[in-house]
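Here is the structure we will look at.
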Amino acid sequence: MMPAARESLLDAAYTALARRPWSAVRMVDVAAAAGVSRQTLYNEFGSKDGLARALVRREADGYLAGVDRALTGQSDPRERLTATAEWTTSAARENALVHAMLTGCWSERLPSPALSAVRSTSAVPAQRRADGPLPSPGEFVTLVRDRAVIALAGPGTPKSDTADLARSCELAVRLALSCVAAPPGEGGVAELVRSALHRQAG
């Protein structure tokens with residue numbers, strides 16, 4: 001099957017989820033919305049649980065791609081971390097699946113696939129990857145922190161500086177996640193992260 005058809009099916013599932021709880025999303029409706037047969041949908045994802053895992057995996061990948069974009073935007077490392085924190089809070093605000101993945105709070109409206117890997121019988125490489133482990137909130141912190149360290153530490157950065165950088169990156173990510181759980185007031189996440197990084201640097 002073409003990757004474009006898989007994306008269309010995931011788009012259709014995401015749209016359906018925005019309108020009704022996952023328990024009420026029907027495979028036949030997802031297939032029809034994507035313009036493919038129900039058999040094609042089952043061939044691609046195996047089951048509704050397989051579709052849920054693939055959808056969660058795609059949204060996780062989309063969030064991390066946004067992190068990578070935020071980390072390459074500005075020249076000032078602190079501004080890049082601030083942009084990453086802002087992206088994290090906006091992605092979680094706009095995408096219920098990203099919010100659930102980052103906080104570990106899965107509402108009953110959402111699919112809630114097990115984070116551990118499931119036995120995959122799929123011949124589809126993208127589905128085999130979706131059937132692998134999904135990141136927990138703590139693993140997201142590590143993933144984002146490590147990406148930030150790689151993006152911000154130039155080649156030949158001393159190990160002691162890298163350790164400090166890792167602490168700053170983790171602080172920015174954890175502040176962003178606290179803002180996801182309890183939205184900040186005026187100034188938002190950017191001001192919180194800037195002042196925290198400023199104090200840490202000082």
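Quick caveat: nothing in here was measured; it's all calculated off a predicted structure.
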**Q.** NZ/NE/NH1/NH2 to OD/OE distance under 4.0 Å, R58 and D61
**A.** no

Q | salt_bridge(R194, D76) N-O dist < 4.0 Å | A | no

Please examine the side chains of [Y] and [X], heavy atoms only from C-beta on, and report whether any two atoms are closer than 4.5 Å.
X    : Y    : answer
R78  : H198 : yes
C169 : L165 : yes
T103 : L177 : no
T142 : D146 : yes
W87  : V189 : no
V56  : S112 : no
W22  : L55  : yes
E59  : M101 : yes

Tell me whether the count of non-hydrogen atoms from other residues, nucleotides or ligands lying under 6.0 Å of [atom1] in [X] goes above 12.
X    : atom1 : value
R147 : CZ    : yes
R26  : CZ    : no
E94  : CD    : yes

Once rounded to the nearest 0.5 Å, what's the spacing between atom [atom1] of [X] and atom [atom2] of [Y]?
X    : Y    : atom1 : atom2 : answer
L175 : T89  : CG    : OG1   : 11.0 Å
R167 : R174 : CZ    : CZ    : 14.0 Å
E79  : L81  : CD    : CG    : 9.5 Å
L9   : T40  : CG    : OG1   : 8.0 Å

(Q) Main chain of S122, side chain of R128: is a donor-acceptor contact present, judged purely on distance under 3.5 Å? (A) yes

Q: Show your working on side chain to side chain donor-acceptor pair (under 3.5 Å) between Q127 and R6 and close with a plain yes or no.
A: CA-CA 10 Å; Q127 190 58 35; R6 185 179 175 88; 2.8 Å; yes

